[in-house]
Amino acid sequence: MSIDLNTAPEQTRGAIPPDSLVVVRLHIRPPQEGRAGSTPGLTAAQRSSMQYLNCEFEVLAGSYKGNKIWNNYNVEGAKDEGQRKAVEISMRSLRAMVEAARGILPSDQSPQAVQSRRLQSWMELDNIVLPIQVDCEISQPDKNNKRYVNNTVKKIITPEHEAYEALMQGGEVITSNPLPQIGQAAAQNGNPMPPWG
């Protein structure tokens, strides 16, 4: 018997350092059973009226190819000021995603640009390719009281950015910024320092 592992993907390198720039493909994750929103692509929140896009970003090239980042974007169902602010922040990010994927300058108000920012459905965002700046956060403890360093989307890189073209051609900018330390975060939150801290 022969087992060839040459075609298996390489082990990922862990979290991407904060403020790095990478190109990703966005995938809208389908809602779990019983959580479908009012239109295709939306997930209904469990404890509020909010509906959101459950987004997965997969790094397409470079040192962290294959890494995935998950972010939710609230888009409907706001009933109070805090929820309305969350929707406003999400819509700002979603506009930037469309501009990044479609090569539209944020300042461009031409008829073509205005039309290109219009979507017929949220599912038009599924599978778009765009560059992002990443950040890091420490997760809440899981059921085994373990925490992890997770990447988040800090900013969408739109066409006016000096690195946009290189990123869209598969480039990357990886910083040497340190990852957050899990032990320090646990201690600051009043939790005991884990053995690896």
Side-chain angles (χ1 to χ4, degrees), residues 16 20-62 64-135 137 150-172:
I16 305 166
S20 296
L21 308 179
V22 294
V23 65
V24 297
R25 183 183 309 280
L26 184 155
H27 173 62
I28 297 176
R29 302 170 79 193
Q32 297 173 347
E33 188 174 337
R35 300 272 309 279
S38 58
T39 58
L42 292 184
T43 295
Q46 285 185 309
R47 296 181 183 89
S48 76
S49 60
M50 297 292 283
Q51 296 185 48
Y52 61 91
L53 293 168
N54 182 351
C55 296
E56 176 181 275
F57 300 85
E58 181 175 3
V59 180
L60 293 182
Y64 292 87
K65 181 178 179 180
N67 275 33
K68 293 183 179 180
I69 301 168
W70 295 275
N71 268 48
N72 293 334
Y73 295 91
N74 295 301
V75 295
E76 290 185 19
K79 291 192 171 178
D80 61 39
E81 188 57 35
Q83 291 176 341
R84 283 189 284 277
K85 186 68 174 172
V87 169
E88 180 185 318
I89 292 167
S90 291
M91 296 301 274
R92 189 180 308 141
S93 294
L94 294 166
R95 171 182 167 151
M97 288 180 206
V98 169
E99 290 170 342
R102 296 182 176 176
I104 307 166
L105 289 169
S107 59
D108 188 349
Q109 293 301 316
S110 68
Q112 296 86 353
V114 168
Q115 184 57 39
S116 292
R117 290 189 192 99
R118 293 191 173 119
L119 304 176
Q120 298 302 310
S121 120
W122 290 118
M123 293 307 295
E124 280 187 56
L125 298 174
D126 195 41
N127 288 316
I128 62 173
V129 173
L130 63 147
I132 63 168
Q133 181 179 31
V134 301
D135 205 353
E137 66 181 13
N150 295 324
N151 284 124
T152 60
V153 177
K154 182 174 186 177
K155 184 178 181 180
I156 310 302
I157 303 302
T158 46
E160 79 285 2
H161 192 284
E162 60 185 10
Y164 176 84
E165 289 297 333
L167 291 165
M168 289 299 280
Q169 293 174 23
E172 65 178 4

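Interatomic distance, OG of Ser38 versus CD of Gln51, reported as 3.5 Å (0.5 Å rounding). The distance from the CG atom of Asn54 to the CG atom of Asn72 is 5.0 Å, given to the nearest 0.5 Å. For the atom pair CG (Asn150) and OG1 (Thr152), the distance works out to 9.0 Å, reported to the nearest 0.5 Å. The CD1 atom of Ile28 lies 8.5 Å from the CH2 atom of Trp122; values are rounded to the nearest 0.5 Å.
A side-chain donor-acceptor contact under 3.5 Å links Asn151 to the backbone of Asp135. Ser49 places a side-chain N or O within 3.5 Å of a backbone atom of Gly77 that can act as its donor or acceptor partner. A donor-acceptor contact shorter than 3.5 Å links the side chain of Arg95 to the backbone of Pro106. Not a single donor-acceptor pair under 3.5 Å links the side chain of Ser90 to the backbone N or O of Tyr73. Without hydrogens or angle criteria, Arg35 side chain to Ala44 main chain gives a donor-acceptor distance under 3.5 Å. Looking only at distances, a side-chain donor or acceptor of Tyr164 sits under 3.5 Å from a matching main-chain atom of Ala100.
Annotation: Glu162, atom CD; neighbour count of heavy atoms from other residues, nucleotides and ligands within 6.0 Å does not exceed 12. In Glu137, the CD atom is crowded: over 12 heavy atoms of neighbouring residues, nucleotides or ligands sit closer than 6.0 Å.
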Which is it for Leu53 and Leu94 under the side chain to side chain contact (heavy atoms under 4.5 Å, CB included) test, yes or no, and what are the steps along the way?
CA-CA 10 Å; Leu53 293 168; Leu94 294 166; 4.0 Å; yes
Apply side chain to side chain contact (heavy atoms under 4.5 Å, CB included) to Val23 and Glu172, showing your working.
CA-CA 7 Å; Val23 65; Glu172 65 178 4; over 6 Å; no
Quick one: do Gln109 and Arg117 satisfy side chain to side chain contact (heavy atoms under 4.5 Å, CB included)? Show the steps, please.
CA-CA 10 Å; Gln109 293 301 316; Arg117 290 189 192 99; 3.9 Å; yes
Take Ile157 and Leu130 through the side chain to side chain contact (heavy atoms under 4.5 Å, CB included) test and state the conclusion after the steps.
CA-CA 7 Å; Ile157 303 302; Leu130 63 147; over 6 Å; no
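The salt bridge (Lys or Arg N to Asp or Glu O under 4.0 Å) search around Glu81 returns Arg84, not counting sequence neighbours.
You'll find the side chain of Gln133 reaches within 4.5 Å of the side chain of Leu21, heavy atoms only.
Side chains of Asn127 and His27: a donor-acceptor N/O pair is absent below 3.5 angstrom, by distance only.
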